[in-house]
There are 2 protein chains.
Amino acid sequence: MSEQPLDGVLVPKVVLDRASPVPLYYQVATCLQEQIEGGELPVGGRLENEVELADRLGVSRPTMRKAIGYLVERGMLVRRRGVGTQIVHPKVRRPVELTSLYDDLAKTGRAPRTEVRSLEVGPATDAVAETLGIPTGTLVTTFERIRYAGDEPLAIMHNAVPVDVVALRAEDLEQHGLYEILRSAGRVPRIANQVVGAKAATATEARLLGDPRGAPMLTMTRTAWDESGRGVEYGSHVYRASRYSFELTLTC
Amino acid sequence: MSEQPLDGVLVPKVVLDRASPVPLYYQVATCLQEQIEGGELPVGGRLENEVELADRLGVSRPTMRKAIGYLVERGMLVRRRGVGTQIVHPKVRRPVELTSLYDDLAKTGRAPRTEVRSLEVGPATDAVAETLGIPTGTLVTTFERIRYAGDEPLAIMHNAVPVDVVALRAEDLEQHGLYEILRSAGRVPRIANQVVGAKAATATEARLLGDPRGAPMLTMTRTAWDESGRGVEYGSHVYRASRYSFELTLTC
DNA sequence: TTTGATACTTTGTAAGGACAAAGTATTGAC
DNA sequence: GTCAATACTTTGTCCTTACAAAGTATCAAA
């Protein structure tokens, strides 16, 4: 058994299943990723060179390169010509996940609760129609929700979703996150534009969220499109700055 | 001259320079990107299939695929097996560019001005050392700046940069953005972690920025690492919410 | 008319080979 | 001993070829 060579070059252990429908390059990539996240491949360490690695794993160099490239794209590895491939950072999430507040809360173990304050179907306003790229007057479902974490109000959320994208009912929205509903309807959001800002709470916002009037609020407006370029959601949300912030990882 | 075929399949015009040191796939990609952004290739249109395109441009299919893949990665194109490649979105910037406020302002044509209020070299605090991943007590340059757009104050910025990353002088910081300096010193930030939130202005902040006390402020703390995984910058900034917001595009 | 099988188109994965370019280490001349 | 030229290592780009898988359209049979 060839163990770690002398000069600190790391030899990851990878097991492949050529019968699996999962692409080879992806199997290699996730295997490496797990070992990096698990700490078996320490940060700063240098990886075996591509050619050897490909050889040892029994895959072609293009496949090996694609696997490495995948991890480079998400900031876990760095390669330099003439030098090699290094492990740079263990826990890196993709540039900001395209998830909803509901998902975020559920993931961190806090019980999300949603109150649907209003929901109506009507023609889209010019502004909404334009940002979503749909004809003016297209029917959209417009609704307002308050999101709680446990008993504490977190955010007021305004949304507009074209009715032909998915038919929304208040009951569903109280039980599930909007993105969850969109996904199960096959309208997966693929690309989104977000603007994050801040403002002072209006009297209404303050009352609904239990903050003093003028309290700092984090605002986020988002437009999301599905894979065919169709606008699926427009949202304009207000978060209590004292309870919420956005975290994101960017790679250049 | 073969013009646009009948069924609306788009035939981009691409001119390649094989003598150029710029990779072929990148030439193809930027050429396509320009035509998409310029509107010559309309949103929703279907691209010629890979094989034909590669053939017509005189490149191999892998090269063509790499070019298309590059644009798919940043959300401009979408491909589906058995269907083809479609243009989904014209103006999409990379998931949030890893730039500084100075760069942002300069790009949008507003004259950025910087006032360095303090600058000192000393051992890093525990918190800073930990986030940057450097030993406690490592010497860092700590400085405070106010950034103006024209005559109007925009933000208060606090930073810490290890002295062995780059030696910083107040004069340089008044003339150039921090990221510009880092780049020219060869310490290119490659990956960063940002947290965006909001808060009310303290009395000092309000005074410095010319806002009333308690005015809503957008906060951003960022830690950035270079390609070798070394922490190069820690920043904690406060922006006037009335004058600044973050815009970002995310792909899932 | 509807259903189901079939053919076709188009992208996805994979292999193998060749050369270029960048960075590092070594060696030789002065 | 220092510095420049050289060799070597390693990733970057590009090509050709082949087959698999998904989606669409066609066509025939019930």
Side-chain angles (χ1 to χ4, degrees), chain A residues 5-11 14 16-30 32 45-73 77-88 186 188 227-228, chain B residues 5-11 14 16-30 32 45-73 77-88 186 188 190 226-228:
Chain A
L6 313 137
D7 61 345
V9 172
L10 300 167
V11 182
V14 176
L16 299 177
D17 174 14
R18 295 192 93 95
S20 157
V22 178
L24 269 180
Y25 79 90
Y26 194 77
Q27 290 186 41
V28 176
T30 47
L32 288 178
R46 230 174 69 243
L47 224 59
E48 223 180 336
N49 78 63
E50 293 179 354
V51 184
E52 270 179 40
L53 250 174
D55 223 45
R56 204 164 51 74
L57 302 185
V59 300
S60 69
R61 181 149 91 106
T63 302
M64 195 63 230
R65 271 185 72 75
K66 194 162 181 186
I68 293 177
Y70 178 86
L71 296 177
V72 169
E73 261 298 305
L77 295 177
V78 162
R79 39 185 179 187
R80 270 187 299 168
R81 194 187 301 200
V83 180
T85 306
Q86 268 190 320
I87 294 144
V88 276
V188 187
E227 58 181 4
S228 64
Chain B
L6 312 138
D7 62 344
V9 173
L10 301 167
V11 182
V14 176
L16 299 178
D17 174 13
R18 295 192 95 95
S20 157
V22 178
L24 269 181
Y25 78 90
Y26 194 77
Q27 290 185 41
V28 176
T30 47
L32 287 178
R46 230 175 68 243
L47 223 60
E48 223 180 336
N49 77 62
E50 292 179 356
V51 184
E52 270 180 40
L53 249 174
D55 223 46
R56 204 162 53 70
L57 302 185
V59 300
S60 69
R61 181 149 91 103
T63 303
M64 193 64 229
R65 272 185 71 75
K66 195 161 181 187
I68 293 177
Y70 178 86
L71 296 177
V72 168
E73 262 296 307
L77 296 177
V78 162
R79 40 185 178 187
R80 269 186 300 167
R81 193 188 301 202
V83 180
T85 306
Q86 270 190 319
I87 294 143
V88 278
V188 187
R190 269 292 148 75
D226 72 1
E227 55 182 7
S228 64

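Reminder, nothing fancy here: chain letters follow the sequence lines and each chain counts from 1. Predicted, not measured: the structure shown is a model, and the values here were computed from it.
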Looking at [X], I'd like to know whether one of its side-chain N or O atoms comes within less than 4.0 Å of OP1 or OP2 on [N].
X        : N       : value
Tyr25(B) : dT13(D) : yes
Arg79(B) : dG12(C) : yes
Thr63(B) : dT13(D) : no
Lys66(B) : dC14(D) : no
Arg65(B) : dG12(C) : yes

Spacing of [X] atom [atom1] relative to [N] atom [atom2], expressed in whole Å:
X        : N       : atom1 : atom2 : value
Ile68(A) : dT11(D) : CD1   : P     : 7 Å
Arg61(A) : dC15(D) : CZ    : C1'   : 13 Å
Glu50(B) : dA21(D) : CD    : C1'   : 14 Å
Leu24(A) : dA21(D) : CG    : P     : 13 Å
Asn49(B) : dG23(D) : CG    : C1'   : 14 Å
Leu47(A) : dT11(D) : CG    : P     : 8 Å
Leu16(B) : dC14(D) : CG    : C1'   : 13 Å
Leu77(B) : dT11(C) : CG    : P     : 11 Å

On a heavy-atom basis, which atom in [X] and which in [Y] lie closest, and how many Å separate them?
X        : Y        : result
Arg46(B) : Val83(B) : NE-O, 3.6 Å
Val72(B) : Val78(B) : CG2-N, 4.5 Å
Val51(A) : Arg61(A) : CG2-CD, 3.9 Å

Worksheet item: Of the nucleotides dG12(D), dT11(C), dG23(D), which one has an atom closest to the side chain of Val83(B)?
Response: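 So the side chain of Val83(B) is nearest to dG23(D).
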Practice prompt. Would you indicate which nucleotide in dT24(D), dC15(D), dA15(C) comes nearest to any side-chain atom of Val59(A)?
Written response: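 The answer is dA15(C).
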Item to complete: Have a look at Pro23(B) and say if it touches a base, only the backbone sugar-phosphate, or nothing, with a 4.0 Å heavy-atom cut-off.
Response: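 Pro23(B): backbone/sugar contact only, no base atoms under 4.0 Å.
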Discussion item. Heavy atoms only, 4.0 Å cut-off, all strands: where does Ser60(B) land among base, sugar-phosphate and nothing?
Written reply: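 Counting heavy atoms under 4.0 Å across all strands, the contact made by Ser60(B) includes a base.
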Fill in: First of Gly82(A) and Pro62(A) reached from the 5' end of DNA chain D, by closest nucleotide
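Counting from the 5' end, the first nearest nucleotide belongs to Gly82(A).
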Worksheet item: When rounded to the nearest 0.5 angstrom, what is the spacing between CD1 in Ile68(A) and CG in Leu53(A)?
Response: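 Between Ile68(A) CD1 and Leu53(A) CG, I get 6.0 Å after rounding to 0.5 Å.
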Worksheet item: Below 3.5 Å, does any donor atom in the side chain of Arg80(A) face an acceptor in the base of dG12(D), or the other way round?
Response: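 It does not, because no donor-acceptor pair links the side chain of Arg80(A) to the base of dG12(D) below 3.5 Å.
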Worksheet item: Is the closest side-chain heavy-atom distance between Glu48(B) and Met64(B) below 4.5 Å?
Response: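 Of all side-chain heavy-atom pairs linking Met64(B) with Glu48(B), none is under 4.5 Å.
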